[in-house]
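Notes to accompany the following structure.
Each chain gets a letter, A, B and so on, in the order its sequence line appears, and its residues count up from 1. When reading the values below, keep in mind they use all heavy atoms of this one structure, side chains included, and skip hydrogens, waters and symmetry mates.
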2 protein chains.
Amino acid sequence: MATRTDAPTRREQILKEAARLFAERGFHGVGVDEIGAAVGISGPGLYRHFAGKDAMLAELLVGISGQLLTGAKRRLAEADGGGPGEVLDSLIEGHIDFALDDRPLITLHDRELDRLRDSDRKLVRQLQRQYVELWVDVVRKVYPALTEPTARSAVHSVFGLLNSTPHLGRPGSLPGRGATSELLHRMARGAFAAASSEA
Amino acid sequence: MATRTDAPTRREQILKEAARLFAERGFHGVGVDEIGAAVGISGPGLYRHFAGKDAMLAELLVGISGQLLTGAKRRLAEADGGGPGEVLDSLIEGHIDFALDDRPLITLHDRELDRLRDSDRKLVRQLQRQYVELWVDVVRKVYPALTEPTARSAVHSVFGLLNSTPHLGRPGSLPGRGATSELLHRMARGAFAAASSEA
DNA sequence: CCTTCAGGTTAACGACCGCTAACCTCCCTG
DNA sequence: CAGGGAGGTTAGCGGTCGTTAACCTGAAGG
């Protein structure tokens, strides 16, 4: 991934603001004029950069899913020397970083998927599924007692746990990013361990 | 709570279908005609039962928050003889039951709050806060090592975990309700325990 | 210096949507 | 058997919203 030191393009500004607004008020709750105003231009000016409102949402959601999957694959490759526990820790860390850095995107990720065109929705679903399966494989290596369907349920539930950051109040009310990250990490590991232990 | 054996009223039918549709496509994504069609009448007929579309959402969200809080208070009172661990188990069980039985409502609960009138939103937020504080108190009795802000973050995160049921696929793909409930329960306890353990 | 084009602008159209108005039809009750 | 209210219906109004059309402007390039 090229380190981006250059200023964000207009397209990127639009995507960022659109993500924030969609997350705050929902896709249908935000007008194109508002998105335009958020970047200093007016509504129809957006159409110089995107084919339509739907296209912005599609690019956002595909981007999120792809970014999550790509990051996970990279971490899997990088930590290949370590034990499975370290790989799982790396996956958890990556997901937490994403959830803390891009809260609006995390919110969108499981909220507005149905508004996509069929082809885009299928693509996003496929990327999501790959991401989940990647987690499931790692989790089952760390906790071999878990059956595959149970591991999948556990992974989804831990995603729910990690994605709870938007509900943790505005940054400042929570005890600092580092502490929050550590707390979430410990809880995720604890949840997996408990899922694996016999009833 | 009176045991309801009588048939659901038209109002209740409408609320149930509206909840399902709102959860599926978002508040702004559903038209009044669709809600009417879902109960066999046409759009404007709804206005014999509700002041408007907003009123349906308000009644749903206030109802959810109130139901959760009331149930939690009842469980707290009933299990007062037992240890704090049993009380926490009871709270977890109640929340899981609700999440499994009323998936659309759980989805709405943290998704459409901003569409409410100020007064309704304040009411819902107050009920939610009471519910959280009730959990925080119980959790801190079971895990005294937890500071209050940490316990609150942990509670929010466990809600995220328990509310993940809508993402677990349609009922049938998951290993049965009892097993799912037990898995979520174990994971929630494991997450709290891990939150409490030193880093 | 003229052209071109990227990236804006405002005006306006067409569709949709929440809601009201006006009307209809049972069913219950005095 | 009047009549009135509960619970529907359809027609239509008013506003909003996504999108397009038409036009403008400043900077780059030959």
Side-chain angles (χ1 to χ4, degrees), chain A residues 6-62 104 108 111-121, chain B residues 6-62 104 108 111-121:
Chain A
D6 37 339
T9 72
R10 185 41 53 101
R11 262 184 78 90
E12 290 168 329
Q13 287 180 44
I14 295 171
L15 282 176
K16 182 182 168 190
E17 294 302 311
R20 185 179 55 81
L21 290 167
F22 289 160
E24 282 175 6
R25 299 209 287 284
F27 180 67
H28 291 288
V30 180
V32 289
D33 289 353
E34 288 177 273
I35 304 174
V39 296
I41 69 180
S42 246
L46 297 171
Y47 287 76
R48 298 287 168 193
H49 304 276
F50 293 93
K53 199 183 159 193
D54 298 357
M56 300 181 207
L57 182 63
E59 188 157 330
L60 280 172
L61 292 185
V62 172
L108 278 184
R111 184 167 302 194
E112 307 283 1
L113 184 58
D114 319 321
R115 272 57 139 190
L116 259 53
R117 284 174 29 231
D118 267 26
S119 60
D120 289 323
R121 189 171 52 246
Chain B
D6 35 340
T9 71
R10 184 40 55 99
R11 261 185 79 90
E12 289 168 329
Q13 286 181 45
I14 295 172
L15 282 176
K16 183 181 168 190
E17 294 303 310
R20 185 179 54 81
L21 290 168
F22 289 160
E24 282 174 7
R25 300 210 287 283
F27 180 67
H28 291 287
V30 180
V32 290
D33 289 353
E34 288 177 274
I35 304 175
V39 296
I41 69 181
S42 247
L46 297 172
Y47 288 76
R48 299 287 168 192
H49 303 277
F50 293 94
K53 198 183 159 192
D54 298 355
M56 299 180 209
L57 182 64
E59 188 157 330
L60 280 172
L61 292 186
V62 172
L108 279 184
R111 184 168 301 195
E112 307 285 1
L113 185 57
D114 319 321
R115 273 55 138 191
L116 261 51
R117 284 175 29 231
D118 268 24
S119 61
D120 289 323
R121 188 171 52 246

- request: Can you tell me the distance, in whole Å, between the CG atom of Leu46(A) and the C1' atom of dA21(D)?
  value: 17 Å
message: Whole angstroms only, please: what is the CZ-C1' distance between Arg11(B) and dG8(D)?
response: 17 Å
- prompt: Can you tell me how far the CG atom of Asp120(A) sits from the CG atom of Leu61(A), to the nearest 0.5 Å?
  reply: 9.0 Å
message: Just the rounded figure in Å: distance from C1' of dT9(D) to CZ of Arg48(B).
response: 10 Å
query: Less than 4.5 Å apart, any side-chain heavy atom of Met56(A) and any of Leu46(A)?
result: yes
message: Between C1' on dG7(D) and CD on Gln13(B), what's the gap in Å once rounded to a whole number?
response: 13 Å
message: I'd like to know if the side chain of Glu17(A) and the backbone of Val39(A) have a donor-acceptor N/O pair within less than 3.5 Å.
response: no
message: Please confirm whether the shortest side-chain N or O distance from Arg10(B) to OP1 or OP2 of dG8(D) is below 4.0 Å.
response: yes
field: Value in whole Å for how far the C1' atom of dG7(D) lies from OH of Tyr47(B)
entry: 16 Å
task: Looking at every strand, decide which applies to Gly45(A) at a 4.0 Å heavy-atom threshold: base, sugar-phosphate, or nothing.
output: base
query: Do any side-chain nitrogens or oxygens of His49(B) fall under 4.0 Å of OP1 or OP2 in dG8(D)?
result: yes
Residue pair Arg115(B) / Asp54(B), side-chain heavy-atom distance below 4.5 Å: no
task: For DNA chain C, note the earliest and the latest nucleotide, 5' to 3', having some atom under 4.0 Å of a heavy atom belonging to chain B.
output: dG18(C) to dC23(C)
message: Rounded to whole Å, please give me the gap between CG in Asp33(A) and P in dC17(D).
response: 8 Å
message: Side chains of Thr9(A) and Arg11(A): any donor to acceptor distance under 3.5 Å?
response: no
message: Could you tell me if the side chain of Gln13(A) sits less than 4.5 Å from the side chain of Arg10(A), heavy atoms only?
response: yes
- request: Scan Val30(A) against the nucleic acid and name what it touches under 4.0 Å (heavy atoms): base, sugar-phosphate only, or nothing.
  value: sugar-phosphate
query: So do Glu24(A) and Arg20(A) actually touch side chain to side chain, heavy atoms under 4.5 Å?
result: yes
query: With sugar-phosphate meaning primed atoms plus P, OP1 and OP2, does Gly43(B) contact a base, only sugar-phosphate, or nothing at under 4.0 Å between heavy atoms?
result: nothing
